[in-house]
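These notes are about the structure you will find just below.
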Amino acid sequence: MPRTLIAGGAGFIGLHVARALVSRGHEIDLLDSFSRGVKDSDLKEFLEVPGVRLLQLDLATEPLEHLDTGYDYIIHLAALLGVRNVRQRPFEVLALNHTMTERAVALACRQKHLARFLFSSTSEVYAGTLRYFGMPIPTPESTPLTVDDPAEPRTSYMLSKIHGEALCRYSGLPYSIFRVHNAYGPRMGLSHVIPELLRKAHELASGGGLEVYSPTHRRTFCYVADIAEFIVRILEIPACTGETLNIGTESPDISMAELGALVLRIAGRDAPVIALPPSPGSPEKRAPDMSRTTRLTGYRASTDLATGVRLTYEWYSRNVFAGAGVSAV
Ligand SMILES: NC(=O)c1ccc[n+]([C@@H]2O[C@H](COP(=O)([O-])OP(=O)(O)OC[C@H]3O[C@@H](n4cnc5c(N)ncnc54)[C@H](O)[C@@H]3O)[C@@H](O)[C@H]2O)c1
């Protein structure tokens, strides 16, 4: 039975990946400090599954020497992220993300028979190239990366991920890097566009409208079960070793105004979308070129946007909007 450690495993993507791996027969250790992850009912239920353990510790600061050296796979998802952290704590975003990746790599290097180390990077690594030089959209992984202006706090996150990608490459480990593009779904907190619009639509007073920032900006959103399936396939398929791959979906590409209308429909609200100005620093368009990932993994995202948004709304209504559950911000 393969043994897998997921650093950041109590978070949004982590728990979905863990569930997918358990269904494929893995034993799972979830390592998390709960700096953002929360002990909600989904996590508690998952911890009841035989072969699943929680290691509550801080990857950036606490000793790791006592951890097992018999893992087959390590998936490193732990990171400080999100607009608020990036704007208010850029030093910690850069320094802690660097330290966590360095320590996760060192832990991986101590393993006796590690088959793969997986590192989660981000579509943000393309932000500098998009801003200064323009680039193809959908964007292939071969696009040269440009470091954005360090005077902007937002650069801290992309720098930490470009640096993390380089650490993986130079580590001598059998690694795979995946660049996540616009994941959404249950348990992602509230500070992302889809849960935020769902909350506003859910709470809309009669006669009101749904306020949508950057209404003309376009994105391709990928449901978290598909993100998890990509990660599991990257882990399982030997040809993905040494690869850097986009994960997400190339289509449909939808404007924020269209997304607002879809959210209103799913929340059952007959109300207009009210267009607000673009958010600062938000690119007009972003989409991954998925041809390389599809060729290597044999997979394309299969959850259509309306279904994914409905599943997300149902989960948030039940667990968060009703006021009964806990949710990370
Ligand atoms: N969600 C997205 O759309 C998206 C997009 C691009 C990249 N990513 C990347 O995917 C990964 C997972 O993202 P997510 O959306 O699941 O985020 P998340 O915040 O839900 O998960 C990250 C987890 O890491 C944990 N963590 C943070 N600091 C830690 C520490 N010092 N020690 C141990 N655990 C710690 C948090 O408690 C959290 O549970 C991250 O590396 C992120 O940069 C996500």
Side-chain angles (χ1 to χ4, degrees), residues 5-19 29-40 42-43 46 54-64 67 74-86 89 92-104 107 118-127 154 156-165 168 177-196 219-228 230-231 234 244-249 286 288 301 308 312 326-329:
L5 176 79
I6 307 180
F12 164 50
I13 295 175
L15 189 58
H16 287 273
V17 171
R19 284 193 187 119
D29 285 352
L30 302 174
L31 185 160
D32 210 293
S33 63
F34 293 92
S35 88
R36 201 203 77 89
V38 285
K39 288 180 183 163
D40 60 6
D42 287 25
L43 179 64
F46 184 66
L54 176 65
L55 310 176
Q56 183 164 348
L57 60 88
D58 190 319
L59 181 57
T61 57
E62 290 188 72
L64 305 175
L67 293 186
I74 294 180
I75 307 176
H76 173 40
L77 302 171
L80 206 54
L81 61 146
V83 177
R84 192 178 310 159
N85 280 326
V86 164
R89 306 170 61 199
E92 284 89 343
V93 168
L94 181 58
L96 292 179
N97 286 353
H98 158 70
T99 304
M100 281 192 264
T101 306
E102 196 173 47
R103 298 187 89 216
L107 175 66
L118 277 80
F119 174 64
S120 60
S121 185
T122 167
S123 55
E124 274 291 300
V125 299
Y126 301 122
R154 177 186 170 134
S156 59
Y157 180 58
M158 67 115 71
L159 255 183
S160 78
K161 293 293 185 178
I162 293 177
H163 184 271
E165 289 193 12
C168 295
I177 294 162
F178 47 86
R179 295 176 177 159
V180 185
H181 285 64
N182 295 317
Y184 75 99
R187 291 189 91 249
M188 73 182 306
L190 289 167
S191 356
H192 294 266
V193 63
I194 289 183
E196 190 184 309
R219 294 287 183 278
T220 60
F221 292 98
C222 188
Y223 190 62
V224 67
D226 287 318
I227 293 283
F230 278 121
I231 295 172
I234 290 170
T244 300
L245 297 169
N246 287 334
I247 61 175
T249 184
R286 186 154 67 189
T312 308
V326 280
S327 172
V329 283

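Every heavy atom of this structure was used, including side-chain atoms; hydrogens, water molecules and symmetry mates were not. These figures come from a predicted structure and were not determined experimentally. First listed ligand is number 1; within each ligand, the first listed atom is number 1.
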Between the protein and ligand 1, which nitrogen or oxygen pairs come in under 3.5 Å, and how far apart is each?
unit_1	atom_1	unit_2	atom_2	d
ligand 1	3 (O)	A183	N	3.2
ligand 1	16 (O)	F12	N	3.4
ligand 1	16 (O)	I13	N	2.9
ligand 1	19 (O)	R36	NE	2.6
ligand 1	20 (O)	F12	N	2.8
ligand 1	20 (O)	R36	NE	3.1
ligand 1	20 (O)	R36	NH2	2.7
ligand 1	28 (N)	S35	OG	3.4
ligand 1	31 (N)	D58	OD1	2.8
ligand 1	32 (N)	S33	OG	3.4
ligand 1	32 (N)	L59	N	2.9
ligand 1	34 (N)	S33	N	3.2
ligand 1	34 (N)	S33	OG	3.4
ligand 1	37 (O)	D32	OD1	2.6
ligand 1	37 (O)	S35	N	3.2
ligand 1	37 (O)	R36	N	2.9
ligand 1	37 (O)	G37	N	2.9
ligand 1	39 (O)	G11	N	3.2
ligand 1	39 (O)	D32	OD1	3.3
ligand 1	39 (O)	D32	OD2	2.7
ligand 1	39 (O)	G37	N	3.2
ligand 1	41 (O)	L77	O	2.9
ligand 1	41 (O)	S120	OG	2.8
ligand 1	41 (O)	K161	NZ	2.8
ligand 1	43 (O)	Y157	OH	2.5
ligand 1	43 (O)	K161	NZ	3.0

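For F119, the ring-ring contact (aromatic ring centres under 6.0 Å, His included) test picks out H76, with sequence neighbours left out. Scored by the ring-ring contact (aromatic ring centres under 6.0 Å, His included) test, F178 finds no partners at all (sequence neighbours excluded). In this structure Y157 satisfies the ring-ring contact (aromatic ring centres under 6.0 Å, His included) test with no other residue, sequence neighbours excluded.
Looking at heavy atoms from C-beta onward, L118 lies in side-chain contact with I231 at the 4.5 angstrom threshold.
Using a 30° and 60° split on the angle between ring planes, H163 and H98 fall in the perpendicular class, above 60°.
Electrostatic pairing of R103 and E62 does not count as a salt bridge here, judged by no charged N lying under 4.0 Å from a carboxylate O.
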